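The structure presented is a predicted model; accordingly, all values stated were derived computationally and were not measured. Proteins come first, then strands; the chains are lettered A, B, ... in the order of their sequence lines, and each starts at number 1.
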There are 12 protein chains.
Amino acid sequence: MSESVYKIIELVGTSDLSWDDAARSAVETASVTLHDLRIGEITKLDMTIEDGKVKNYRARVSVSFRLEG
Amino acid sequence: MSESVYKIIELVGTSDLSWDDAARSAVETASVTLHDLRIGEITKLDMTIEDGKVKNYRARVSVSFRLEG
Amino acid sequence: MSESVYKIIELVGTSDLSWDDAARSAVETASVTLHDLRIGEITKLDMTIEDGKVKNYRARVSVSFRLEG
Amino acid sequence: MSESVYKIIELVGTSDLSWDDAARSAVETASVTLHDLRIGEITKLDMTIEDGKVKNYRARVSVSFRLEG
Amino acid sequence: MSESVYKIIELVGTSDLSWDDAARSAVETASVTLHDLRIGEITKLDMTIEDGKVKNYRARVSVSFRLEG
Amino acid sequence: MSESVYKIIELVGTSDLSWDDAARSAVETASVTLHDLRIGEITKLDMTIEDGKVKNYRARVSVSFRLEG
Amino acid sequence: MSESVYKIIELVGTSDLSWDDAARSAVETASVTLHDLRIGEITKLDMTIEDGKVKNYRARVSVSFRLEG
Amino acid sequence: MSESVYKIIELVGTSDLSWDDAARSAVETASVTLHDLRIGEITKLDMTIEDGKVKNYRARVSVSFRLEG
Amino acid sequence: MSESVYKIIELVGTSDLSWDDAARSAVETASVTLHDLRIGEITKLDMTIEDGKVKNYRARVSVSFRLEG
Amino acid sequence: MSESVYKIIELVGTSDLSWDDAARSAVETASVTLHDLRIGEITKLDMTIEDGKVKNYRARVSVSFRLEG
Amino acid sequence: MSESVYKIIELVGTSDLSWDDAARSAVETASVTLHDLRIGEITKLDMTIEDGKVKNYRARVSVSFRLEG
Amino acid sequence: MSESVYKIIELVGTSDLSWDDAARSAVETASVTLHDLRIGEITKLDMTIEDGKVKNYRARVSVSFRLEG
């Protein structure tokens, strides 16, 4: 049957370089166990701060994957 | 103890007929493994398009189910 | 005087067929007592679920009607 | 160069049958002049009402298309 | 490598006392299986009503936990 | 006919104790004239302040009730 | 008993002069039947257009009034 | 065929007098080339400031017009 | 160094004439101590009501100013 | 002159008891230096978690105070 | 006459490097045909994913340009 | 006493390199006078454009700091 159902999960990636890298990290970690990811949507960006410096960029990413039928 | 805790998950159903059918599909798929679903809330509606025609209606549905204690 | 004042109310229609039908039901019920409705805006869509099936589609509809001066 | 730029436009489709049909109508009209549409996102649903009946279902649809480089 | 990835889940706690207690209940239930929770964000508050009285306060709580790498 | 239509109204309860109590107050007042209320959703929380102290907690609550057909 | 409960309603005022005047019109009309209004919050501003000219400014206003206990 | 499709565009009108006048200006400019505009919705209001004084009121207005079929 | 940092603050202006005048008042008061303001964004409009009449129009305005380095 | 200008600030109160208490704490701290506070609006509720238990309830509160003219 | 009217359009830039570069690409493409762009506002960030890797960063950018009078 | 109160302020950092750098700049500037910053949340991203090129990336950042008791 041609109907597909997908599940959406939300991950937070972290990086001391950039939000681009933080989001990439979340996607690549998710891809180890979830196959066929297509789109990652950013739902929040923030930073952790330590001693007056940015310690980590954090990107919240929403991804969907197909449920095996 | 009378306190219950529920978990919320988000699914995307697809259908070439309608959003009503896409959402129905997501709920029925979820019900195979999750029991006692009560409410499904629509959080997004969109369509995939192919060759200038609507290929699939997609409905993002948020459902909650009781965690076994 | 040409100034008109309108009141906005919110209704929820239900249907076991579709959201289109649920919203139509809310509008037609409202029209029994409120005249000259022009626009109905959807503010929420959800479903009730029973035994793993969609029982009712529910559409929350915002309508406005002119207050008699 | 592999960089692509897309433009997003918003259309409103109307139908006396359903929102599914209203959105389909907007997409098919857009496809006459815009090629390679992929996704249509619903940003608003409402209805026009006449004599206490739903006259038209209206679906606001956001679509993107690639700018020729 | 210092990059961490977190997953976000949403729970609903219930209590016949207060929203504070409902949220506490969700967090403590989640902590049985998920370690090192740090922050719980409230995304919705509502109540169930029975016979004209508040039966349960319900708090929707979003929590994140570190994925084991 | 099995189609039901509901009306949604918004109330504000007040209490010098807590938001839980303010919301309870709104629900119980509404229940005097409206029967079969099921869910109350919080749409806003604020406080009145007098002489540097919280005077009243206020909870805005949205409830729905079935229209008699 | 010192607990008060308020009801919130939404009105739309119209004026061919300005949104200030449209909102004033809604408040003054509401005040004929509802006493002790304190605050009116704007939730939407729009205009009707006829023959390429603004015909009416419309202001959606949310007001609350105390329910008699 | 009775199905109509509309396009939505967003304009910003400016005026040194008021937001009412800024929005009127956007609508009248749009009407030179777009016919049969019916509603203009305000999506943002701001001001430019120069030397500590308001220089221009700016109103962002969303309007729709029928696509010729 | 060419990097600048700005601070954003939110003010509420009041006027018995109009929201335009209320926002103008907030901007001019802010300009007495803050120099080089460029843009004021409206984040809320409301009114105080007394004896069934609008007493004051209130405009919440967000402005930014450059921090001296 | 009768025009008043207010400034809005946002505080976060914390309490190990409840959100009601956390918000009360923020208001009373603000009142030490800011006089004539009238309303405190809740803009966010969350919790800190330690060892699987709620450590602190946190309430983000927006308050306004009159600028001395 | 000193009144100006602006039009707002939304573009999506793509880049395999970063969102900064994706947005820059959208702005530079728009600038080929639209002159005097001043501000680009980000309204959405997402990524396309292929074989478990980020393929493209995509930035949705809203820009305004003056209509020739 | 263990209750702490925090204040939230919003800053805008600018950079000709990236949003990551713009946000870093805002945080480091704030840290000169505000100690013990922990989290910076992004509330808006935009760009200034000059001669068809991105001149500056701008990141609006919300940070909180503890009020000395």
Side-chain angles (χ1 to χ4, degrees), chain J, chain L:
Chain J
M1 195 184 67
S2 69
E3 280 172 0
S4 301
V5 175
Y6 298 79
K7 184 174 179 183
I8 293 176
I9 60 170
E10 225 172 5
L11 301 171
V12 180
T14 63
S15 161
D16 53 8
L17 292 179
S18 69
W19 283 302
D20 312 288
D21 194 51
R24 181 198 54 70
S25 165
V27 164
E28 295 188 359
T29 299
S31 293
V32 173
T33 51
L34 302 174
H35 305 298
D36 205 26
L37 300 179
R38 299 289 177 78
I39 301 281
E41 297 184 348
I42 298 304
T43 56
K44 189 176 182 182
L45 298 176
D46 65 12
M47 300 168 285
T48 56
I49 305 170
E50 209 173 83
D51 295 331
K53 303 284 181 192
V54 173
K55 191 182 175 203
N56 272 309
Y57 293 92
R58 301 192 301 193
R60 194 181 289 192
V61 186
S62 174
V63 295
S64 68
F65 57 94
R66 191 173 177 166
L67 293 178
E68 309 295 339
Chain L
M1 196 184 64
S2 68
E3 280 173 0
S4 300
V5 175
Y6 298 80
K7 185 175 179 182
I8 294 177
I9 59 170
E10 224 171 6
L11 301 171
V12 180
T14 62
S15 160
D16 53 8
L17 291 178
S18 68
W19 282 301
D20 312 287
D21 193 52
R24 181 198 54 70
S25 165
V27 164
E28 296 188 357
T29 299
S31 293
V32 174
T33 52
L34 302 174
H35 305 298
D36 206 26
L37 300 179
R38 298 290 177 78
I39 302 282
E41 296 184 350
I42 297 303
T43 56
K44 188 176 183 183
L45 298 176
D46 65 10
M47 301 169 284
T48 55
I49 305 170
E50 209 172 82
D51 296 331
K53 303 285 182 192
V54 174
K55 192 182 173 200
N56 271 309
Y57 294 93
R58 301 193 300 194
R60 195 182 289 191
V61 187
S62 172
V63 296
S64 68
F65 56 94
R66 190 174 178 164
L67 292 179
E68 309 295 339

Which residues share a side chain to side chain donor-acceptor pair (under 3.5 Å) with L:T43, sequence neighbours left out
L:E10
Taking the side chain as C-beta and beyond, is there a heavy-atom pair between J:L11 and L:I8 under 4.5 Å?
no
Work out which heavy atom in L:S4 is nearest to a heavy atom in J:T14; give both atom names and the distance.
O-OG1, 2.8 Å
For the NZ atom on J:K44, are there more than 12 heavy atoms of other groups (residues, nucleotides or ligands in this structure) within a distance under 6.0 Å?
yes
Non-hydrogen atoms of chain L under 4.5 Å away: do they reach the side chain of J:I9, the backbone, both or neither?
side chain
Contact origin within J:R58 toward chain L - heavy atom pairs under 4.5 Å
neither
Calculate, to the nearest 0.5 Å, the distance between atoms CG and OG1 belonging to L:L67 and J:T29 respectively.
7.5 Å
Among pairs that include at least one residue of residues 24-65 of chain J, which meet ring-ring contact (aromatic ring centres under 6.0 Å, His included), considering only residues two or more places apart or in two chains?
J:W19-J:Y57
